[in-house]
Amino acid sequence: MLTLNYIRENKDLVIKKLNIKNFDASELINRLIELDNNRKENIKEVELKKAEMNSLSKQIGLLFREGKQAEANQAKEKTGTLKEEIKKYDEQLSQIETEINTILTQIPNTPHDSVPAGKSEDDNQIEFTSTNQIDADSSRLPHWELAKKYDLIDFELGVKIAGAGFPVYKGKGAKLQRALINFFLDEADNAGYKEVQPPIVVNEASGFGTGQLPDKEGQMYHVGEDNLYLIPTAEVPVTNIFRDVIVNAEDFPIKTTAYTPCFRREAGSYGKDVRGLNRLHQFDKVEIVTIEHPDKSYQTLETMVKHVESLLIKLELPYRKLRLCGGDVSFTSALTFDFEVFSMAQDKWLEVSSISNFESYQANRLKLRFKEKGEKKTQLAHTLNGSALALPRIMAALLENNQTDDGIIIPEAIRRYCGFDIIK
RNA sequence: GGAGAAUUGGCAGAGUGGUCGAAUGCGGCGGUCUUGAAAACCGUUGUACCGCGAGGUACCGGGGGUUCGAAUCCCUCAUUCUCCGCCA
């Protein structure tokens with residue numbers, strides 16, 4: 001979330017910026033400032049009374065030790081009303097603070113200046129389209145037919161075991177998955193990201209830290225018995241490694257990568273673009289996360305984008321890069337680039353990566369701070385993450401685009417990972 | 001799952017009702033000494049909030065309670081360790 005101080009000091013700017021996200025914050029912010037004024041007043045009052053109480057208690061202690069029972073008991077009587085007043089103020093204060101926090105979590109991150117206005121994904125800016133794009137070709141089979149033809153993925157079997165959106169990968173299909181995961185992890189490792197294997201369930205505090213809770217509660221699978229959530233992305237456990245941490249500025253950038261399965265309920269998205277691998281409840285993804293100094297985060301976003309782009313180039317897939325518009329950039333993000341690959345059989349662009357700079361929005365929730373060398377004061381760090389990459393749609397595009405009369409050709413870059421160069 | 005013990009500052013560890021935001025040691029930072037380094041010695045060393053400032057308030061695993069006063073007593077939850085059970 002944004003910090004209260006930042007909102008106070010930049011009220012008009014925040015409102016103006018949030019307009020780009022089609023969010024009208026003026027009412028919330030006015031209420032927020034009013035509440036904050038109350039809060040400060042309240043604090044002044046209670047703390048004064050608490051100071052009084054503390055010194056009174058100290059005196060009572062002294063009197064007792066000196067054996068002046070009568071005086072001590074007299075002083076005790078004074079504390080009664082003071083105590084009640086403190087209790088009253090404390091209750092008010094916690095009420096005010098609860099409301100402040102509720103409002104703060106309802107205000108999205110402000111978009112970066114370069115985010116174009118727009119209502120939906122149709123208004124995203126196409127920044128780059130690779131030259132190897134091949135036109136739609138209706139003679140090609142979509143991946144769900146190829147999956148059946150070569151026995152690579154069994155969607156019905158997944159329905160039997162778990163339900164729709166939980167496919168079973170088989171034979172070379174499974175091997176291809178494993179190859180892609182290893183390829184992506186090795187590439188991330190080579191780019192300096194430290195590999196971790198985090199839990200794939202998280203507690204409430206973690207869900208809140210990265211912004212999935214409270215707003216996206218319905219999108220996550222919830223294990224009620226133990227109050228845990230299945231992760232929708234490795235971003236959640238990986239970024240939460242740094243919750244309540246104060247790092248040294250010299251340690252930036254802190255680069256982490258992880259492969260995890262991801263679980264999404266995708267409530268409400270049935271019926272549209274859900275065929276085959278296009279939208280699943282469980283899928284695999286390699287994620288990259290960077291914790292960075294505020295002065296360098298946009299530079300770092302650029303290098304993360306370049307990293308993802310290099311993967312698509314190595315996989316020889318036609319792709320394009322989009323700068324998300326205000327209507328499509330997520331609640332917590334300041335600037336997001338998407339990568340899409342072209343599916344020739346489906347004649348459609350498929351989103352395979354999303355790379356975002358959250359600036360200090362997540363860091364504030366996480367209490368992720370850093371200290372400049374020699375400085376005493378802490379500041380909020382910036383967090384960034386990106387998919388590098390999500391597997392299913394990559395798989396779909398590889399199968400569809402590389403089909404030939406002889407079989408499906410495996411791109412050079414991953415042959416050594418899967419041990420075969422064609423699927424027949 | 002059962003029984004017992006524990007949870008204190010970056011780490012180790014003292015503190016069982018007042019003078020405790022907390023001894024001491026280690027580590028970190030600054031300095032003296034040294035050609036330089038080490039050693040030794042001296043100083044310093046948590047976070048957040050309120051306040052122009054002086055200063056004040058809160059935090060000893062989380063939450064609640066008792067008390068004029070809680071790191072210290074009580075309740076509750078969580079976590080860790082030991083033993084037993086189960087087990088990849």
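A, B, ... follow the sequence lines: proteins, then strands. Residue 1 opens every chain.
Nearer the 5' end of RNA chain B, as judged by each residue's closest nucleotide, is the contact made by A:Ala51, out of A:Ile60 and A:Ala51. The residue among A:Lys373 and A:Asp36 whose nearest nucleotide of RNA chain B is located toward the 5' end is A:Lys373.
Between B:C75 and B:U66, the distance separating the two P atoms is 15 Å to the nearest Å. B:U16 and B:A78: their P atoms are spaced 29 Å apart (whole Å). Between B:C59 and B:G21, the distance separating the two P atoms is 10 Å to the nearest Å. Across B:C20 and B:A70, the matching C1' atoms stand 11 Å from one another, rounded to whole Å. Taking atom P in both B:C33 and B:C26, the straight-line distance is 23 Å, to the nearest Å. Using P as the reference atom, B:C60 and B:A22 are 14 Å apart when rounded to the nearest Å. Atom name C1', nucleotides B:A48 and B:U32: the rounded distance is 36 Å, in whole Å. The C1' atoms of B:G46 and B:G10 are separated by 9 Å, rounded to the nearest whole Å.
In this structure, A:Leu56 reaches neither bases nor backbone, as no heavy-atom distance under 4.0 Å exists between it and the strands shown. Residue-level contact check: A:Ser57 touches the bases, meaning some heavy atom is under 4.0 Å from a base atom. The residue A:Asn73 sits apart from the nucleic acid: no heavy atom pair falls under 4.0 Å. Note on A:Lys371: only backbone sugar-phosphate atoms sit closer than 4.0 angstrom, heavy atoms only; bases stay farther off.
A donor atom on one side chain and an acceptor atom on the other are not found under 3.5 Å apart for A:Gln219 and A:Gln212.
Aromatic ring pairs are classed by plane angle as parallel below 30°, tilted from 30° to 60° and perpendicular above 60°; the pair A:Phe166 and A:Tyr221 is tilted.
The main-chain N or O of A:Glu121 is found under 3.5 Å from a side-chain atom of A:Asn124 such that the two form a donor-acceptor pair. No donor-acceptor pair closer than 3.5 Å links the side chain of A:Glu99 to the backbone N or O of A:Ile96.
Among pairs with a residue in residues 143-171 of chain A, those fulfilling salt bridge (charged side-chain N to carboxylate O under 4.0 Å, His left out) read A:Asp151-A:Lys170, A:Asp154-A:Lys170, at least two apart in sequence or across chains.
Think of the region where chain A sits on RNA chain B: with heavy atoms and a 4.0 Å cut, that region ends 5' and 3' at B:G18 to B:G69.
The number of heavy atoms from other shown groups lying within 6.0 Å of CD (A:Glu66) is above 12. The local environment of CD in A:Gln74 is sparse, with at most 12 non-hydrogen atoms from other residues, nucleotides or ligands closer than 6.0 Å. The environment of A:Arg415 atom CZ is dense: over 12 non-hydrogen atoms of other residues, nucleotides or ligands sit within 6.0 angstrom.
In this entry B:U67 has no Watson-Crick or G-U wobble partner, no candidate having both defining distances under 3.5 Å. Remark: B:G17 base-pairs with no nucleotide; criterion is Watson-Crick or G-U wobble with both hydrogen-bond distances under 3.5 Å. The base-pairing partner of B:G43, taking Watson-Crick or G-U wobble contacts with both distances under 3.5 Å, is B:C29. The nucleotide B:G36 finds no pairing partner, because no Watson-Crick or G-U wobble arrangement with both distances shorter than 3.5 Å includes it. B:C86 is unpaired under the criterion used here, namely a Watson-Crick or G-U wobble arrangement in which both key atom distances are under 3.5 Å. Across all strands shown, B:A6 forms a Watson-Crick or G-U wobble pair, both distances under 3.5 Å, with B:U79.
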